[in-house]
Amino acid sequence: MDFLTHLINGISLGSIYAIIALGYTMVYGIAKMLNFAHGDVIMIGSYVVFITVSTMGFPTILGIVIAMAICTVLGMTIEKVAYSPLRNATPLAVLITAIGVSYLLQNIALLVFGANPKSFKSVVPFEPLVLADGQLVITGVSIVAIITGVIIMVALTLFVNKTKAGCAMKAVSEDRGAAQLMGINVNGTISMTFAIGSALAAIAGVLLCSAYPTLTPYTGSMPGIKAFTAAVFGGIGSIPGAMIGGLLLGIIEILGKAYISSQLADAIVFAVLIIVLLVKPTGILGKPINEKV
Amino acid sequence: MAMLEIRDIEVYYGVIKAIKGISFDVNEGEVIALIGANGAGKTTILHTITGLLQPKKGTISFDGKDITKTPAHKIVSMGMAHVPEGRRVFSQLSVFENLKMGAYTRKDKAEIEESLAMVYSKFPRLEERKTQLAGTLSGGEQQMLAMGRALMSHPKIVLMDEPSMGLSPIFVEEIFKIIEEISASGTTVLLVEQNAKKALGIADRAYVLETGNIVLDGDATELMNNETVKKAYLGE
């Protein structure tokens, strides 16, 4: 029964990682860059919910919608101001810029919200689900995280595979030049990708802070790095890969904490990543890289 | 006034001047061939016309409108389609999805269906394989898909970059037959080819390119009998 509890907690954490990883992987697939500021967008989204819901007393749903809207605008602004001028720059320049944006967001949050941790009140009002005579307890946040994760994954998969805009995203991801020749606005598509990824980051932030209720300006960075790991683990650029990578990472982390060592849990997570990459350098669902000549 | 007017364009890759001040015209209904060796600048010219590259100097006008600075994604809806070198079909999308991307800028569903039926009748193989991923097609089929995809935008002019490259002789024959059909249906064609014999065979007029300059131009049949052309490009 213990194992089942841990497994469910792992799936729940994994769903949150998967939601964040989707943002990394989509942006990588379309814009061919690693947006290291993605984790900090999560943090901003969490602060927005904290302020609107806990401080100003807005209804939870309204607070989440506001957070999603603010993160969407933030993500698109970051892309427009920091990344789009570097469209033809070397990948290293873009990477360093992304790290710079990450620090910028953390320091702005430090300036505005202060360094003191805020105690985030869970947005999930449900009582824990108690099963099997109290041997199996599933928290409300876990259930909401898993359901949200499933909804987002299904919706995103349908969007990418069934809609014209999704098809255009795949086209841009594969060949930017040819996509332009079809009349697809590449800048618009990249902007849309950042918007979707950032809105998802806001949702992930709320779920994360509801499960682990301490909010600081650095809250986003560790989950951000882990979700990035999950995206690489599953095969960066691949949407199903990010989902699988996120879920596996969450499960490994929780089971590692429970059965091996809570101090070593993060080390185990990254060790698994290293092993996977040694065996399959492109990740679980990654496609072999074909260099064009 | 010609449908497509290129005036004194100069195109650079970094500091290297790839196109050194070229002018030419394509009139409505014509098949124009641009021939020349590797590195002469043929692909660069097509990329500059469709906006993937910007010229440093000169102007390009299409249907009387200056399109020199028009971004690539806006040009297709003006009636210009580009079949790029190396086909560049979207290998992760199905044949059908590739064709749909060709009609990306069009709104009228019935008209798109009409174009799709036209493309399928021209390339029955594409209909047979419509659910297959484009990456799994053979080279010749991918070329057909690239051409079909371009036709899906219902263009007034199609720019074709080396459509016969890397294809077996049977496919080369078929591709050139289809280019003639496209022209016969009223679409203007600007054709870039290394296979000069074939290109001159179907073209009305041609321009011969050498290291970024036009060195010869004229009637296609005339050029076919030109001694320089014969020696350099027709291997006679």
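We name chains A, B, ... by the order of the sequence lines, and we start the count at 1 in each one.
- For B/Glu28, the CD atom counts as loosely surrounded, since its 6.0 Å shell holds 12 or fewer non-hydrogen atoms of other residues, nucleotides or ligands.
- Residue A/Lys80 qualifies as open at atom NZ: its count of foreign heavy atoms under 6.0 Å is 12 or below.
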Between side-chain atoms of residues 164-172 of chain A and protein atoms elsewhere (two or more places apart, or another chain), which donor-acceptor pairs fall under 3.5 Å?
unit_1: A/Lys164; atom_1: NZ; unit_2: B/Tyr104; atom_2: O; d: 2.7
unit_1: A/Lys170; atom_1: NZ; unit_2: A/Asn161; atom_2: OD1; d: 3.1

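- Going from atom NE2 of B/His47 over to atom CD of A/Gln180 covers 10.5 Å, rounded to the nearest 0.5 Å.
- Of the residues considered (B/Val89, B/Ile75, B/Leu93, B/Thr50), B/Leu93 shows the highest number of contacts with chain A, using heavy-atom pairs under 4.5 Å.
- For the pair A/Ala178 and B/Arg149, the tightest heavy-atom approach, listed with the atom from each and the gap, is CB-NH2, 4.5 Å.
- With a 6.0 Å radius and a threshold of 12 heavy atoms from other residues, nucleotides or ligands, A/Tyr103 has its OH atom at or below the threshold.
- Dense packing is recorded around CZ of B/Phe24, with more than 12 heavy atoms of other residues, nucleotides or ligands lying under 6.0 Å away.
- Below 4.5 Å, heavy atoms of chain B meet heavy atoms from A/Leu181, A/Met182, A/Gly183, A/Ile184, A/Asn185, all part of residues 181-205 of chain A.
- Using a 4.5 Å cut-off between heavy atoms, B/Arg106 touches chain A through its backbone atoms (N, CA, C, O) alone.
- A 6.0 Å sphere centred on NZ of A/Lys280 holds more than 12 heavy atoms belonging to other residues, nucleotides or ligands.
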